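Notes for the one structure printed next.
Basis for what follows: all heavy atoms, side chains included, without hydrogens, waters or symmetry-related copies. Numbering of ligands and ligand atoms starts at 1, following listing order. Since the structure is predicted, the reported quantities are computational estimates derived from the model, not experimental observations.
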Amino acid sequence: MEKDSLLQNNIATLIELIRERGLPKHVAIIMDGNGRWASKRDLPRTAGHQAGVQTAERIIRFAGRELGLRHLTLYAFSTENWARPATEINFIMDLLDKFITEKLAEFEREGVRVIVSGDPTPLPNNLQQRVRDAIEQTAKNSRLVLNIALNYGARQEIVRACRMIAERVASGEVDSAKIDEQTIASSLYTAQIPDPDLIIRTSGEMRLSNFLLWQAAYTELHFTDTLWPDFGPDELVRAIAQYQDRERRYGAVKEAE
Ligand code: FPP
């Protein structure tokens, strides 16, 4: 009990410190390791996803309410995840549907704005409707933007952007010689939010797996062995503290060099 309150104290101090130092504008998380978390407990993979949703709920609440983070992206389902067994896919789709349905009132109350990155068309109709409702009903909120990457793949996003720009060129709206980085950035799903300052991936895998490839050009990466269901606010705080200790030079050199 005493140890717990000491830990709480340390976390409270660390939260204060990272807020004073300036929070990253956008943190994005690859929530990996649900399946392994379940296997370690002799549970079906679906139990890992169930636990993973609870972690996502805790992190969203903490990020918005306690931390005051402005943008949080969670990688919920990738364009590659369709290769999983149908039972697992259906379970995840139902979980996401339930998650949005149950959380919508809280999001509205807490000022969470939901946006989605990804192609919604292959998703079940009920989930598509849930997503549309959440986007519409939270559109005026501004405390925390929660970007759910759902049927998201960065290469697919870039292909889609190329097609959109090509159509604008063909119609004469855009001069091809004037296409620049901003033209591309503003054609991505993330057009309305800043690039992530920090990407966290749980479960020990050290790759981006087709996540925010354009947007991550200068993003700091944080890899942890913790499996997603075990990831907690304290680890998020420590990851941000480590990020703040790093020096971001964006390809330039320090002034004194
Ligand atoms: C990664 O673990 C998890 C997924 C691809 C599934 C979707 C994520 C959740 C259900 C978390 C909740 C999300 C929101 C937005 C509420 P894995 O299955 O790849 O684990 P493994 O690598 O150990 O097999």
### Message
Any atom of ligand 1 sitting under 4.0 Å from a heavy atom of F77?
### Response
no
### Message
Tell me which one of D119, N81, L74, V116 satisfies side-chain contact (heavy atoms from CB on, under 4.5 Å) with L150.
### Response
V116
### Query
Starting from atom 1 (C) of ligand 1, which protein heavy atom do you reach first, and at what distance in Å?
M31 O, 3.0 Å
#### Entry: Geometric N/O contact L74 with ligand 1, under 3.5 angstrom
no
### Query
What atoms of ligand 1 come within less than 4.0 Å of a heavy atom belonging to G35?
17 (P), 18 (O), 20 (O), 21 (P), 23 (O), 24 (O)
### Task
Could you walk me through whether E173 and E167 pass the side chain to side chain contact (heavy atoms under 4.5 Å, CB included) test, one step at a time?
CA-CA 9 Å; E173 189 196 331; E167 278 168 23; over 6 Å; no
### Message
Among all protein heavy atoms in this structure, tell me which lies nearest to atom 2 (O) of ligand 1, with the distance rounded to 0.1 Å.
### Response
N34 N, 3.2 Å
## Note on the structure
Among non-hydrogen protein atoms, atom 19 (O) of ligand 1 lies closest to R84 NH2, 2.8 Å
### Task
Starting from atom 22 (O) of ligand 1, locate the nearest protein heavy atom and write down its residue, its atom name and how far away it is, to 0.1 Å.
R36 NH2, 2.9 Å
### Query
What protein heavy atom is closest to atom 5 (C) of ligand 1, reported as residue, atom name and distance in Å?
N81 OD1, 3.5 Å
### Task
For this output row, return yes or no: ring centroids of Y152 and Y75 closer than 6.0 angstrom.
yes
### Task
Compare G204, A149, A76, G33 and give the one whose heavy atom is closest to atom 7 (C) of ligand 1.
A76
### Task
Kindly indicate whether the side chain of R207, heavy atoms from C-beta on, has any atom under 4.5 Å from the side chain of R201.
yes
### Reference residue T73; test side-chain contact (heavy atoms from CB on, under 4.5 Å); the match among I193, V145, V27, T190
I193
### Query
Between K25 and D197, is a salt bridge (Lys or Arg N to Asp or Glu O under 4.0 Å) present by the stated rule, with each step listed?
CA-CA 7 Å; K25 288 193 205 70; D197 301 295; 5.1 Å; no
### Query
Is the closest basic N to carboxylate O distance between E106 and R61 below 4.0 Å?
yes
### Query
Any idea which protein heavy atom is nearest atom 4 (C) of ligand 1, and the distance to it?
H49 CE1, 4.0 Å
### Message
If the contact criterion is a heavy-atom separation under 4.0 Å, does Q50 count as touching ligand 1?
### Response
no
### Message
For atom 24 (O) of ligand 1, what is the closest protein heavy atom, and at what distance to 0.1 Å?
### Response
R45 NH1, 3.0 Å
### Query
Backbone or side chain, does any N or O of W228 fall under 3.5 Å from an N or O of ligand 1?
no
### Query
Within a strict 4.5 Å, meaning less than it, do heavy atoms of the M93 and L123 side chains meet?
yes
### Query
Just which atoms of ligand 1 are under 4.0 Å from any heavy atom in F99?
16 (C)
#### Entry: R84 charged N/C atom sitting above W82 aromatic ring, 6.0 Å / 45°
no
